[in-house]
Amino acid sequence: MTFQNMPGQPHIAYRGNELFSEEIRLSDLAKEHGTPLFVYSKGAMLSALGAYERGFSGRNVQICYAMKANPALGVIQVFAEAGCGFDIVSGGDMDRVLAAGGHADKIIFSGVGKTRAEMRRALAAGIGCFNVESEAELEVLSDVALSMGLRAPVSIRVNPNVDPQTHPYISTGLKGSKFGVAHERVLPTYQRAAQLAGVRVVGIDCHIGSQITQDGPYLDAVDRMLDLVEAIEAVGVPLHHIDFGGGLGINYNGDTPPPADLLWGKLLAKLDARGFGQRQLMIEPGRSLVGNAGVCLTEVLYLKPGAQKNFCIIDAAMNDLPRPAMYQAFHQIMPLKPRADAPDTYDVVGPVCESGDWIGHERDLAVQPGDLLAVLSAGAYCMSMASNYNSRGRAAEILVEGSQVHLIRQRETIADQMHGESLVGRKRAG
Ligand SMILES: *Cc1c(COP(=O)(O)O)cnc(C)c1O
């Protein structure tokens with residue numbers, strides 16, 4: 001059988017009969033570092049960032065990598081060195097950015113449930129902006145800032161009520177969503193913010209969903225956002241920046257999201273037409289910067305033929321790759337060294353004791369136990385959602401840069417997992 005190289009994944013390709021990431025033969029990495037193993041291409045990340053930079057050339061923009069997609073320090077470092085800011089959703093995220101060399105003033109803090117302690121720490125660090133998600137949060141933030149003798153820079157995350165036409169679990173900008181301030185409450189919330197002594201209004205923000213593959217929802221959101229900006233400024237609250245969030249999709253399975261530069265060409269034309277083209281803009285892309293830069297390498301443990309189905313049991317599982325179990329998501333699965341044999345159809349499953357532990361349904365593969373596979377498009381929302389379910393240690397992570405290999409996270413040991421636990425009435429284990 002023939003294997004096509006994946007469109008949208010220029011840094012993953014077969015050379016001869018071997019799958020490579022940049023200049024590195026993936027089977028060599030699996031041999032040296034074991035499996036499951038995440039491998040990220042720095043070149044792929046920078047080329048994804050480059051598409052945004054092209055789209056915004058000549059504009060005032062701050063690209064804030066939404067680091068929940070992949071918070072590895074080595075990944076954050078790539079974007080910090082490229083000049084990005086960061087969209088964080090917890091105090092822990094902030095610590096990671098600072099540890100990886102990111103600057104506090106380029107951090108924006110999103111999330112519906114910021115605690116007072118997180119607010120205090122972010123204020124002390126001097127972050128760039130809080131994306132406030134409710135009226136109640138605004139009051140608390142003002143109190144916390146006042147108690148420190150500070151004014152918190154704020155942007156209100158508004159819910160523009162547009163349908164991103166993606167999976168319901170990753171839609172965030174519809175009326176029934178827990179995110180953002182409802183459209184009809186936006187104006188009063190800004191008026192309240194303008195009165196509060198502990199906050200300073202700097203912007204407006206939205207984020208309508210994730211894995212968006214059409215430009216329509218973005219075009220609608222831009223119109224609704226600009227309507228709001230006009231209305232807010234008309235009541236005397238100036239806005240320094242407009243933040244359009246993230247959400248651009250990637251190609252998992254023949255998906256055809258617009259390239260970032262083309263999408264932003266269209267959106268900026270709309271901003272220009274409405275007189276907002278020279279505003280300070282912000283965006284918060286996550287998946288589209290890292291998703292197709294990563295693969296997860298895994299070994300075939302057993303083949304289990306069945307009356308109804310054949311199973312291909314691999315050593316990666318839902319704790320490493322949670323997206324199929326969570327959202328019925330699709331990841332392409334390819335052999336590191338394709339065999340010439342005729343393929344069989346398999347459900348590719350992990351060792352975890354859950355029927356939801358599947359990685360791919362009905363895949364045609366020519367495989368034998370001991371073969372190595374690559375689960376593609378595994379750079380975003382895989383390792384970041386990995387768990388220790390079934391006492392499985394989290395995988396190691398590698399960053400590939402040309403012909404250089406950097407181990408950016410060691411494989412988690414059982415001692416790491418048991419750290420901090422104790423037996424009742426006895427000395428600590430481990
Ligand atoms: C998750 C998230 C993003 C990034 O979304 P992607 O789909 O990964 O681009 C951006 N902003 C906020 C507030 C988020 O929660």
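- A donor-acceptor pair is defined here as one N or O able to donate and one able to accept, closer than 3.5 Å; such a pair exists between the side chain of Tyr65 and the backbone of Asn70.
- Taking both residues in full, the closest heavy atoms of Ser387 and Tyr389 are given as OG-N, 3.2 Å, listed atom of the first, atom of the second, then distance.
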Handout entry: Full working for salt bridge (Lys or Arg N to Asp or Glu O under 4.0 Å) between Arg157 and Asp243
Key = CA-CA 9 Å; Arg157 175 167 176 187; Asp243 179 343; over 6 Å; no
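- Scanning both residues, Ser41 and Ser21, for their nearest heavy atoms gives CB-OG, 3.7 Å.
- Closest approach of Cys296 to Leu321, counting heavy atoms only: CB-CD2, 4.0 Å.
- Sorted by first and then second residue, the pairs that involve residues 88-105 and meet salt bridge (charged side-chain N to carboxylate O under 4.0 Å, His left out), not counting sequence neighbours, are Asp95-Arg121.
- Take Lys106 and apply the side chain to side chain contact (heavy atoms under 4.5 Å, CB included) test, not counting sequence neighbours, and it matches Gln62.
- The shortest non-hydrogen separation linking Leu141 to Met119 is CA-SD, 3.7 Å.
- Screening residues 379-395 for salt bridge (charged side-chain N to carboxylate O under 4.0 Å, His left out) gives Asp320-Arg392, Arg394-Glu412 as the qualifying pairs, with residues at least two apart or on separate chains.
- Exactly one residue among Lys114, Glu284, Glu137, His207 makes a side chain to side chain donor-acceptor pair (under 3.5 Å) with Asn131. That residue is Glu284.
- Other residues, nucleotides and ligands contribute over 12 non-hydrogen atoms within 6.0 Å of the CD atom of Gln195.
- Applying the salt bridge (charged side-chain N to carboxylate O under 4.0 Å, His left out) definition to pairs two or more places apart or across chains, those involving residues 193-221 are Asp215-Lys266.
- Electrostatic pairing of Glu233 and Arg279 counts as a salt bridge here, judged by a charged N lying under 4.0 Å from a carboxylate O.
- For His183, the NE2 atom sits in a packed shell: over 12 heavy atoms of surrounding residues, nucleotides or ligands are nearer than 6.0 Å.
- For Thr413, the side chain to side chain donor-acceptor pair (under 3.5 Å) partners at least two apart in sequence or on another chain are Asp416.
- For residues 139-152, the pairs satisfying side-chain hydrogen bond (donor to acceptor under 3.5 Å, both in side chains) are Glu139-Arg192, with sequence neighbours left out.
- With a 6.0 Å cutoff to the six-membered ring centre and a 45° limit on the axis angle, Lys68 does not count as a cation-pi contact of Tyr381.
- Under a cutoff of 6.0 Å and an axis angle of 45°, Arg363 and Phe330 form a cation-pi pair.
- In this structure, Gln410 places its CD atom where only 12 or fewer heavy-atom neighbours from other residues, nucleotides or ligands lie under 6.0 Å away.
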